[in-house]
Engineer: 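One structure follows; several queries about it will come next.
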Amino acid sequence: MKRNRGRVGRGAVVAADPSFGRGSWQPHQQQGRGRHQGRGRQQGRGRQQGRGRQQGRGRQQQLVAQQQQRRRVMSPQAAYMVYFNRYISWKIATCLTQDDLKSLGQIFPKFKPKELTPEQKKMMEERQKKILEARKNQAHVAEQAEKKEEEPKLDGDIKEGTSAKEDETGKGTQIDCKSDGANDEEKSASFKKSGEDKQEDAVVANRENDEEATASSPPLDSATEVEQESVAGKDDEKLSSEATGPKDDPSAPVKTMTAAQKSAQEAQIALNMNDPHTLLARLNTKRLFRRIKHLRKQDADNFDVDTAYAKNKTTEQIATHEWELILAQTKQKLMKDFYEKEYKSKMAEAEVLRAEREEKGEADDEGNGEEEDGLEDDMPEFLKQKFPPPLPSKCELLMFSPCPRAVAVLASYPRSGNSLLRTLYERTTLRVTGSDMRGGLQKHDLVGEAATQTNCVQFVKTHYPERMGTPPFRVNRAVLLVRNPYDAMESYFNLMTTNTHTSSLSEEERKKHSKIFAEMAKKEILVWRDFHEYWLNQKIPLLVIRYEDLIRYTDKVIAKVLKFVLEVKDMTFFEDRIDRCIREEQIERLGSYKPRSGGIGKSLTKGVYSPELLQEINVGIINTMEKFGYDEMLVPNPSEWKVEPMDEYGVFIPGTAKEPLVINQKGLVRGAKRHTNWNLVKQQMGMKGAKCTCQNCVRGSR
């Protein structure tokens, strides 16, 4: 026991844990060595806990900073929806009665009203009394108005009944009439005054009703309270105008929209303009108009608009109906081919039997005719049905289609034929292709911009990891579309300097700004190499095709793509679609827009690439060029290039991954050192539409 007291007395443990010293059974030593508690200013320095108030204030500032950060991150559409929901909740709370709010609060606790105080209950009772009085006054006014309508008949009866009395009374009657007239004027004046008072009471009752409803509504944030006050003020103005009558003031200012309302309206319009479903409806409407022109041009005398498309249906319903007709027509064609083969085989057997009978002298022509009639009778009614003649693919309607798995992507470096392949896919399958970015291709009839959801599209364009698209999404398989780097970079330079997909720089401009192009090419060749190496290293199923094969063997390449993307084995249906949609026109007319003039390796003949530049950029891409069969292009002589197609017009690389790949998440092959400031380039070239090169604008362009 002494040891314990001694150790406690020295305070070794007490210094570390003051609560131990306090809990000692020897109060004398605890008080005597209270220096530890004095030192315990560390506990007393528990003022640090007091300082903790500063931390508390710091937490509040941190919460405010987080809220501000969320507001900055929130998109305009999301912010608009937040304020819209607040406004709707306020409307619900202010327009419903207390009983309605209670019943609504059982389902949605947010709208459950607070319990009324005794004062509020008295106010509610008074308000109900005033409302009842106002209703009685209105009923009384209606009754008086009905009586006034019946006054002419009553006056006639009175005059007839009092004519004899007037003869008897004479002058006295006139005096009574004057007094009655004065009384009538006083009564009418008092009636008008009482009517105005009752009308004012009704207005006051309505105002008190609104004020109590807003007082009983659930509390909202400050922005909503400001909105409530503004709407309440408008309601008061409306009530006062109804009570006093309309005001004809030509000098009154016209009501205009506020800046917030204008911005919200513009955001909603922009959202509708870029909505894929809205864009698809417009495109299909344009295609219907194109169809009508085509049919009228074919047969103007017998043309009937009612036969051009199904009536009383939306474009989406028309597209679905016509797709079902295409499937039925294909099925009929296959069945007819089958019956024709059966018919020909039976006819051949009949010919053999006829020959045998002729040798025996037992020819029977009637039996042969009966067999022919029997074959026609056995044909189902479905095969006798007539379908409308097929339309050009540019007149057929497109539709969205859900995907039962993660989507397939069309990955390519910019200006490698991505839009051309998307258009060919859409014409063949009549399905919209998506994109993880908005590249301005809506005006070229590619309406699936920013559509990556599996409930809309099956095939999505991406330039990742050359640039970051939005939003991140899962990828089940990928088509890698490759183009030789010389033509791709030259086309990319034209796109970024002219801001169009079809315009090109003149030869004079190319020569004048050859140094600018050379600096860009040294950066972009590394981006081109790393982009393709990224996709070759992925573990999902991959199909590699080349742009040079796509423009020369279009039908075979697109058949390879359809079989890979849709995972179909029997290509009979799509072979017929390819024959009708792709082989009917030249490749230049199949794209969404007219491509720039040129061919394979034309950029090397324009003097864009100097020998020194080619030698410098070819050093790091030899292995990648050999993988895609571009090794002969390392020698800059396009006239001697053979450019043989890839094996089976596309190389399939089976995947080993069990889970889909998620893209647009992290990591780009274009870093800060490989970035080209295109605003500065346009200013140096004197191009139209050049933007400011200040630090803020440069950061925004990155």
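In what follows, residues are counted from 1 in the order of the sequence shown. Heavy atoms only: backbone and side chains are in, while hydrogens, waters and symmetry mates are out.
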Engineer: Atom CE in Met685, atom OG1 in Thr498: separation rounded to 0.5 Å?
Structural biologist: 9.5 Å
Engineer: Taking side chain as C-beta onward, heavy atoms only, is Lys556 less than 4.5 Å from Pro645?
Structural biologist: no
Engineer: Could you tell me whether Lys602 and Glu490 make a salt bridge, using a distance below 4.0 angstrom between a side-chain N and a carboxylate O?
Structural biologist: no
Engineer: When you compare the side chain of Leu562 with that of Ile578, does any pair of heavy atoms fall below 4.5 Å?
Structural biologist: yes
Engineer: Out of curiosity, His532 NE2 to Met625 CE, how far, rounded to the nearest 0.5 Å?
Structural biologist: 10.5 Å
Engineer: So, Asn664 side chain and Met468 main chain: donor-acceptor pair closer than 3.5 Å or not?
Structural biologist: no
Engineer: Nearest 0.5 Å please: distance from the CG atom of Leu614 over to the CG atom of Leu634.
Structural biologist: 9.5 Å
Engineer: Side-chain contact test, heavy atoms from C-beta onward, threshold under 4.5 Å: evaluate it for Gln453 versus Phe473 and give yes or no.
Structural biologist: no
Engineer: Inspect the contact between Glu616 and Lys522 and indicate whether a charged nitrogen and a carboxylate oxygen are less than 4.0 angstrom apart.
Structural biologist: yes
Engineer: Which atom pair, heavy atoms only, marks the closest approach of Ile525 to Met489?
Structural biologist: N-SD, 3.6 Å
Engineer: If we only count heavy atoms from C-beta on, is the Met496 to Val681 side-chain gap below 4.5 Å?
Structural biologist: no
Engineer: Looking only at non-hydrogen atoms, find the nearest pair between Thr454 and Ala406 and report the distance.
Structural biologist: CG2-CA, 4.4 Å
Engineer: Could you check if a side-chain atom of Gln458 sits within less than 4.5 angstrom of a side-chain atom of Ser401, using non-hydrogen atoms only?
Structural biologist: yes
Engineer: How far apart are the C-alpha atoms of Tyr425 and Leu566, what are their side-chain angles, what is the distance that settles it, and do they pass the side chain to side chain contact (heavy atoms under 4.5 Å, CB included) test?
Structural biologist: CA-CA 11 Å; Tyr425 182 92; Leu566 300 177; 3.4 Å; yes
Engineer: What's the verdict on side chain to side chain contact (heavy atoms under 4.5 Å, CB included) for Glu426 and Arg431, showing C-alpha distance, side-chain angles and the deciding distance?
Structural biologist: CA-CA 5 Å; Glu426 290 184 354; Arg431 296 299 188 273; over 6 Å; no
Engineer: Would Arg415 and Glu466 count as a salt bridge (charged side-chain N to carboxylate O under 4.0 Å, His left out) if you check the C-alpha gap in whole Å, the side-chain angles of each, and the deciding distance to 0.1 Å?
Structural biologist: CA-CA 12 Å; Arg415 311 304 301 157; Glu466 183 268 338; over 6 Å; no
Engineer: Taking the side chain as every heavy atom from C-beta outward, state whether Val643 and Met633 have any atom pair closer than 4.5 Å.
Structural biologist: yes
Engineer: Looking at Trp535 versus Phe628, is the centre-to-centre ring distance below 6.0 Å?
Structural biologist: no
Engineer: Taking C-beta and beyond as the side chain, do Leu543 and Val565 meet within less than 4.5 Å on heavy atoms?
Structural biologist: no
Engineer: Other residues, nucleotides and ligands only: do more than 12 of their heavy atoms fall within 6.0 Å of OH on Tyr309?
Structural biologist: no
Engineer: Tell me whether the NZ or CZ atom of Arg477 lies within the 45° cone about the ring axis of Phe564 and under 6.0 Å from its centre.
Structural biologist: yes
Engineer: Tell me which one of Tyr609, Phe517, Tyr486 satisfies ring pair (Phe, Tyr, Trp, His ring centres under 6.0 Å) with Phe493.
Structural biologist: Phe517
Engineer: Taking CZ in Arg474 as the centre, count heavy atoms belonging to other residues, nucleotides or ligands within less than 6.0 Å. Is the count above 12?
Structural biologist: no
Engineer: Using the rule given for side chain to side chain contact (heavy atoms under 4.5 Å, CB included), can you reason through Glu509 versus Thr497, listing the C-alpha separation, both sets of side-chain angles and the distance that settles it, and then say yes or no?
Structural biologist: CA-CA 11 Å; Glu509 289 175 332; Thr497 52; over 6 Å; no
Engineer: Does atom NZ (Lys511) have a neighbourhood of more than 12 heavy atoms from anything else shown, all under 6.0 Å?
Structural biologist: no
Engineer: Would you mind reporting whether Ile326 and Glu396 have side-chain heavy atoms less than 4.5 Å apart?
Structural biologist: yes
Engineer: Drop me the distance from Lys560's NZ to Glu648's CD, to the nearest 0.5 angstrom.
Structural biologist: 4.5 Å
Engineer: Could you check whether the rings of Tyr553 and Tyr649 sit parallel, tilted or perpendicular, using 30° and 60° as the cut-offs?
Structural biologist: tilted
Engineer: Would His277 and Phe400 count as a close aromatic pair, with their ring centres under 6.0 Å?
Structural biologist: yes
Engineer: Can any side-chain N or O of His463 pair as donor or acceptor with the backbone N or O of Ser412 at less than 3.5 Å?
Structural biologist: yes
Engineer: Can you give me the closest heavy-atom contact between Gly417 and Tyr547, atom names plus distance?
Structural biologist: CA-CD1, 3.7 Å
Engineer: With the threshold set at 4.0 Å, does a side-chain nitrogen-carboxylate oxygen contact exist between Lys333 and Glu575?
Structural biologist: no
Engineer: Has the side chain of Glu632 got a donor or acceptor atom that lies under 3.5 Å from a matching backbone atom of Lys642?
Structural biologist: yes
Engineer: Count the heavy atoms belonging to other residues, nucleotides or ligands that lie under 6.0 Å from CD of Glu316, then report whether that count exceeds 12.
Structural biologist: no
Engineer: For the pair Leu550 and Ile545, evaluate side chain to side chain contact (heavy atoms under 4.5 Å, CB included) and give the outcome as yes or no after the intermediate values.
Structural biologist: CA-CA 8 Å; Leu550 179 63; Ile545 59 175; 5.6 Å; no
Engineer: If you draw a 6.0 Å radius around CZ in Phe387, do more than 12 non-hydrogen atoms from other residues or ligands fall strictly inside?
Structural biologist: yes
Engineer: Report the relative orientation of the aromatic rings in Phe573 and Trp323; use parallel for angles under 30°, tilted for 30 to 60°, perpendicular for over 60°.
Structural biologist: perpendicular
Engineer: Considering residues, nucleotides and ligands other than Phe652, do more than 12 of their heavy atoms fall under 6.0 Å from its CZ?
Structural biologist: yes
Engineer: Could you grab the distance from atom NZ of Lys461 to atom CG of Leu446, nearest 0.5 Å is fine?
Structural biologist: 8.0 Å
Engineer: Are Asp436 and Thr462 linked by a side-chain donor-acceptor pair shorter than 3.5 Å?
Structural biologist: yes
Engineer: Do Asn418 and Ser416 have a side chain donor and acceptor closer than 3.5 Å?
Structural biologist: no
Engineer: About how many Å separate OH of Tyr464 and CD1 of Ile663, when rounded to the nearest 0.5 Å?
Structural biologist: 7.5 Å
Engineer: Could you check Ile582, Leu430, Ile558, Thr429 and say which one makes a side chain to side chain contact (heavy atoms under 4.5 Å, CB included) with Arg577?
Structural biologist: Leu430
Engineer: Look at Arg670 together with Glu524 and state whether they make a salt bridge at an N to O cut-off of under 4.0 Å.
Structural biologist: yes
Engineer: Heavy-atom count around Glu533 CD within 6.0 Å, excluding the residue itself: above 12?
Structural biologist: yes
Engineer: Evaluate whether atom CD of Gln317 has more than 12 neighbouring non-hydrogen atoms of other residues, nucleotides or ligands under 6.0 angstrom away.
Structural biologist: yes
